[in-house]
Amino acid sequence: MSSSSPKALGFWMCSALVVGNMIGSGVFMLPASLAPYGWNGVLGWIVTIAGGLCLAFVFARLSAALPREGGPYAYTQEAFGRTAGFVVAWAYWISLWVGNAAIATGAVSYLSVLVPAIAKTPGLHALVTLALIWGLIGVNCLGARLAGEVQVVTTVLKLLPLAAVLGLSAWLLGRDGAAAISAPLDTAQLGGPGLVAASALTLWALLGLESATVPADKVKDPARTIPRATLFGAAFTGVVYLLVCSAVVLLSPPDALKASNAPMAEFIGRFWGSGAAMAVAAFAAISAFGALNGWVLLQGEMPYAMARGGVFPAVLAKSSSRGTPVRAHLVSGLFLTVLVGINYAKSMADLFTFIALLATTASLFTYLACALAALKLQRDGLVPGSRLLTVVAILAGLYAVFTLFGAGREAVMWGVVLLAAGFPVHLLMRRTART
């Protein structure tokens with residue numbers, strides 16, 4: 001069915017998919033999480049951006065040589081075989097629908113600033129979250145092009161409040177100079193555990209740099225379009241994050257920031273009033289909505305690609321007359337619904353933190369495997385060899401291991417448990433293939 005699917009996504013839609021998936025709820029919520037780390041938060045962004053660009057380069061080279069649907073799963077299977085491919089696909093799929101729960105929760109959290117009843121009525125935030133999720137599943141089931149158009153519009157809109165933060169920050173620094181900075185620079189506190197923890201936190205906001213590699217069968221000229229969109233999207237987003245989040249952290253009182261549920265809205269509101277704060281909250285919700293739209297696209301495409309490769313039940317390999325994997329979308333949506341449902345009693349902040357860290361950990365297994373796959377495929381001659389790719393792939397792998405340590409024991413433990421849960425499915429599929 002792939003050959004007959006419409007090639008709906010060009011460079012700008014793929015770039016919007018990458019940027020839109022990366023700029024979601026994280027940029028609007030992370031300043032509060034990074035506040036305790038001060039300047040280590042700035043260094044954490046630099047480490048994460050450097051590691052993210054290494055990963056983006058690896059994905060760009062892999063997608064240019066092997067422009068296949070499924071992205072990380074396809075590369076790992078080509079390098080290490082079906083079992084390794086399944087483990088990566090399973091981990092990545094988990095990170096997709098688990099992460100979508102966090103993104104949706106972030107969107108609803110900012111909506112609660114506009115509609116306080118969402119936060120005050122028990123269980124209502126879970127219902128609104130699920131309504132948002134299933135609405136976007138419906139959009140994606142109608143076709144990749146419609147999802148791409150939604151992504152372009154929401155990507156443009158989500159950049160507006162970030163531009164406002166940058167403008168306000170530049171004005172404050174121009175007016176007050178160094179006196180505007182609330183967090184003084186103490187070089188003795190730089191590095192160490194604070195830097196490791198900040199680097200792990202910032203990676204959540206950078207997840208999605210591989211987004212354009214997954215729906216490769218729906219991309220125009222994928223061997224050229226996907227690498228360009230991946231590198232452009234990762235570099236652009238990294239610079240935006242570094243400037244915006246660092247400005248909010250360094251120009252805000254640390255104690256007030258740590259207690260904030262909407263740190264960017266409060267930063268704007270402190271200088272421009274409550275009306276501006278409400279506007280930022282609305283744009284933050286739109287930002288998370290756009291990110292969720294892109295991730296919902298991927299949470300359907302990944303199990304669809306896995307099923308077409310024979311590692312998931314064949315029933316998920318069916319696509320609609322529009323070329324969209326409706327069944328795979330429905331299955332992913334069901335798991336997502338269960339996750340939100342069983343955690344409905346948690347506060348939005350607690351739910352976001354727990355799920356975001358879990359999704360990050362699952363993604364790190366995928367990133368490490370893809371860095372190793374690039375080295376193996378280069379050695380086998382399937383990816384054009386170069387010393388630059390070798391060095392960058394090694395750095396990308398080391399970065400993934402470094403960030404796994406930063407994620408903490410609990411997150412890694414739950415990540416391993418979720419990975420192990422996939423092996424019965426793998427064994428069942430192997431048994432089915434032999435019969």
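Quick note: numbers below take in every heavy atom, side chains included, and nothing from hydrogens, waters or symmetry partners.
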Compare every heavy atom of Ser386 with every heavy atom of Gln378, then report the nearest pair and how far apart it is.
-> OE1-N, 2.6 Å
In Å, rounded to the nearest 0.5 Å, how long is the span from OH of Tyr241 to CD1 of Ile49?
-> 10.0 Å
Under 3.5 Å donor-acceptor, Thr225 side chain and Lys220 backbone | yes
Measure the CG-CH2 distance between Leu30 and Trp45 for me, rounded to the nearest 0.5 Å.
-> 5.5 Å
For the residue pair Tyr75 and Phe59, categorise the inter-ring angle as parallel (less than 30°), tilted (30 to 60°) or perpendicular (more than 60°).
-> tilted
Do the side chain of Thr202 and the main chain of Thr48 share a donor and acceptor less than 3.5 angstrom apart?
-> no
Could you walk me through whether Phe402 and Val47 pass the side-chain contact (heavy atoms from CB on, under 4.5 Å) test, one step at a time?
-> CA-CA 10 Å; Phe402 167 79; Val47 170; 4.0 Å; yes
For Leu330, the side chain to side chain contact (heavy atoms under 4.5 Å, CB included) test, sequence neighbours excluded, returns Trp134, Val326
Does the Thr76 side chain pair with the main chain of Tyr73, one donor and one acceptor, at a distance under 3.5 Å?
-> no
When rounded to the nearest 0.5 angstrom, what is the spacing between CG in Leu195 and CG in Leu43?
-> 6.0 Å
With a 4.5 Å heavy-atom cut-off, do Val391 and Ile394 have their side chains touching?
-> no
Locate the shortest heavy-atom distance separating Val392 from Cys54; write the atom from each residue and the value.
-> CG1-O, 3.4 Å
Exceeds 12 heavy-atom contacts within 6.0 angstrom, atom CZ of Phe335 | no
CA sep, side-chain torsions, deciding dist, call: Leu242, Val239, side-chain contact (heavy atoms from CB on, under 4.5 Å) | CA-CA 5 Å; Leu242 174 62; Val239 171; 5.8 Å; no
Distance, nearest 0.5 Å, that separates CG of Leu292 from CD of Gln299 = 7.5 Å
Reported CG-to-OG1 distance for the pair Leu418 and Thr361, which is rounded to 0.5 angstrom = 10.0 Å
Between Tyr304 and Leu316, is any pair of side-chain heavy atoms under 4.5 Å apart?
-> no
For Ala277 and Ala265 the tightest heavy-atom approach is CB-O, 3.3 Å
Check for a donor-acceptor pair, side chain of Ser252 on one end and backbone N or O of Val249 on the other, with a separation under 3.5 Å.
-> no
Does one side chain, of Trp93 or Ser332, offer a donor that lies under 3.5 Å from an acceptor on the other?
-> yes
Distance-minimising heavy-atom pair for Leu62 and Ala374 | CD2-CA, 3.9 Å
Any donor and acceptor pair, going by atom type alone, linking the side chain of Thr121 with main-chain N or O of Leu124 inside 3.5 Å?
-> no
Considering only heavy atoms from C-beta outward, does the side chain of Leu162 approach that of Met264 to under 4.5 Å?
-> yes
Ser320 backbone acceptor or donor facing Thr324 side chain under 3.5 Å | no
If you take all heavy atoms of Pro424 and Ala421, which pair is closest and at what distance?
-> CD-O, 3.3 Å
What's the shortest heavy-atom distance between Gly397 and Ala371, and which atoms?
-> N-CB, 3.7 Å
For residues Val42 and Tyr37, determine if any side-chain heavy atom of one lies less than 4.5 Å from a side-chain heavy atom of the other.
-> no
Start with the C-alpha gap between Phe86 and Phe312, add the side-chain angles, then the distance that decides, and say whether side-chain contact (heavy atoms from CB on, under 4.5 Å) holds.
-> CA-CA 9 Å; Phe86 172 84; Phe312 252 35; 3.8 Å; yes
Could you walk me through whether Leu368 and Leu364 pass the side-chain contact (heavy atoms from CB on, under 4.5 Å) test, one step at a time?
-> CA-CA 6 Å; Leu368 175 59; Leu364 283 169; over 6 Å; no
Any side-chain heavy atom of Arg61 sitting closer than 4.5 Å to one from Pro227?
-> no
Checking Ser95 side chain against Ser363 main chain: does a donor-acceptor pair fall under 3.5 Å?
-> no
Which value, rounded to the nearest 0.5 Å, describes the distance between Thr83 atom OG1 and Gln77 atom CD?
-> 9.5 Å
Compare all side-chain heavy atoms of Tyr399 with those of Leu203 and state whether any distance is below 4.5 angstrom.
-> yes
